Asker: 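Have a look at this one before I ask anything.
When a ligand or atom number is given, it counts from 1 through the structure's own listing order. All values derive from a computational prediction rather than experimental measurement. Along the sequence shown, residues carry numbers from 1.
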Amino acid sequence: MVVRKAVLPVAGMGTRFLPATKATPKEMLPIVDRPVIQYVVEEAVAAGLSDVLFVTGRAKRALEDHFDYNGELEKMLQERNDLEKLSAVRGPAQLAQIHYARQGTPAGLGHAVLCAKAHVGDETFAVLLGDEIIPAENNVLQQMFSVLATHGGSVLLLKRVPKTEISRYGVAAVKPTTDENIVEITDLVEKPDPADAPSDLAVLGRYVLNPAIFGILENTKPGKGGEIQLTDALKVLANSTDPKVGKVHGLIYEGERFDTGEIFGYMTTVVELATRRSDIGTEFKSWLTNFVKGF
Ligand code: G1P
């Protein structure tokens with residue numbers, strides 16, 4: 001089974017970054033010289049996902065323009081013969097087939113995924129949260145597809161997190177499989193109190209989902225925070241006994257992940273990724289070294 005479609009929910013209001021996100025989508029905040037969302041789309045494309053659906057909302061025009069052509073700017077760069085910038089400007093528009101669905105009311109992540117139903121149809125698809133960057137070279141989605149090839153059903157990405165951070169995530173109860181990095185998911189709780197967390201395995205923002213999730217989401221009542229939670233629907237999916245729907249497995253990931261969805265994570269992502277750049281990295285590291293000496 002080849003997964004072709006990626007769904008990227010990007011309708012969030014970005015309240016943690018106000019006032020920066022008053023008129024600019026949070027997914028458009030730059031990490032050095034590319035918006036966060038471009039890293040996420042590049043990761044999807046590197047994993048062979050050629051069809052990208054953004055589930056957008058109000059005030060996301062900048063994001064739509066970013067993944068489109070800009071004739072005027074391209075003409076100017078062409079006239080100046082600045083081919084490097086021309087290619088950087090055209091790049092996002094050429095990455096994938098980009099589509100949009102609108103989430104009229106921001107009623108939660110589950111509701112955002114449900115807005116993709118008509119576009120996705122009856123295919124297994126991927127969901128990538130637009131504020132998490134996972135380096136494309138870590139091949140996380142490809143590894144999730146290989147779990148799908150072995151076990152069928154749906155696949156979540158899990159990471160062990162300290163108790164102090166567990167209430168920021170969906171948390172899974174699991175059963176082991178013969179592979180120590182792959183578990184079968186038996187239950188899920190959205191953002192539990194640390195005392196109620198069923199494990200230390202947090203759900204990260206990459207999902208490979210059987211389309212049966214849509215029918216479940218249609219019947220999912222608002223949960224934590226009054227929102228329709230994807231986690232609540234995944235819990236039902238995990239307990240399905242329909243062989244066509246399959247089970248839900250989790251791939252335990254120990255590699256890097258950058259959470260740009262809150263200010264501290266955003267700042268550390270900018271610094272870390274800047275130090276890795278081939279153009280400014282060396283100079284930036286040397287400046288940074290001197291800078292911290294002053295503390
Ligand atoms: C969402 C999900 C949560 C998941 C998290 C991963 O929460 O609801 O289950 O663990 O993404 O980042 P959010 O961070 O959007 O509040």
Asker: Using 0.5 Å steps for rounding, measure from the NZ atom of K293 to the OG1 atom of T289.
Answerer: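 K293 atom NZ to T289 atom OG1 measures 6.5 Å (nearest 0.5 Å).
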Asker: Look at the aromatic rings of F214 and F125 and report parallel, tilted or perpendicular, splitting at 30° and 60°.
Answerer: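 Judged by the thresholds at 30° and 60°, the geometry between F214 and F125 is parallel.
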Asker: Indicate every side-chain donor-acceptor pair of residues 34-49 with a distance under 3.5 Å to a residue at least two apart or in another chain.
Answerer:
from: R34; atom 1: NH1; to: E42; atom 2: OE1; distance (Å): 2.2
from: R34; atom 1: NH1; to: E42; atom 2: OE2; distance (Å): 3.4
from: Q38; atom 1: OE1; to: H66; atom 2: NE2; distance (Å): 2.9
from: Q38; atom 1: NE2; to: E42; atom 2: OE2; distance (Å): 3.0
from: Y39; atom 1: OH; to: I31; atom 2: O; distance (Å): 2.9
from: E43; atom 1: OE1; to: R206; atom 2: NE; distance (Å): 3.1
from: E43; atom 1: OE1; to: R206; atom 2: NH2; distance (Å): 2.7
from: E43; atom 1: OE2; to: R206; atom 2: NE; distance (Å): 3.1

Asker: Protein N/O near ligand 1 N/O, under 3.5 Å, which pairs?
Answerer:
from: ligand 1; atom 1: 7 (O); to: K191; atom 2: NZ; distance (Å): 3.2
from: ligand 1; atom 1: 8 (O); to: E190; atom 2: OE1; distance (Å): 3.4
from: ligand 1; atom 1: 8 (O); to: E190; atom 2: OE2; distance (Å): 2.7
from: ligand 1; atom 1: 9 (O); to: G170; atom 2: N; distance (Å): 3.0
from: ligand 1; atom 1: 9 (O); to: E190; atom 2: OE1; distance (Å): 2.7
from: ligand 1; atom 1: 9 (O); to: T231; atom 2: OG1; distance (Å): 3.2
from: ligand 1; atom 1: 10 (O); to: G170; atom 2: N; distance (Å): 2.9
from: ligand 1; atom 1: 10 (O); to: V203; atom 2: O; distance (Å): 2.6
from: ligand 1; atom 1: 12 (O); to: E132; atom 2: OE2; distance (Å): 2.6
from: ligand 1; atom 1: 16 (O); to: K191; atom 2: NZ; distance (Å): 2.7

Asker: Would you mind telling me which of K163, R160, K159 makes a side chain to side chain donor-acceptor pair (under 3.5 Å) with D200?
Answerer: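 Among K163, R160, K159, the one that satisfies the side chain to side chain donor-acceptor pair (under 3.5 Å) with D200 is R160.
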Asker: Salt bridge between E190 and K235, side-chain N to carboxylate O under 4.0 Å?
Answerer: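 Not counted as a salt bridge, because no side-chain N and carboxylate O are separated by less than 4.0 Å.
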Asker: Without swapping roles, check the side chain of D193 against the backbone of A195 for a donor-acceptor pair under 3.5 Å.
Answerer: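 No: the side chain of D193 does not pair with the backbone of A195.
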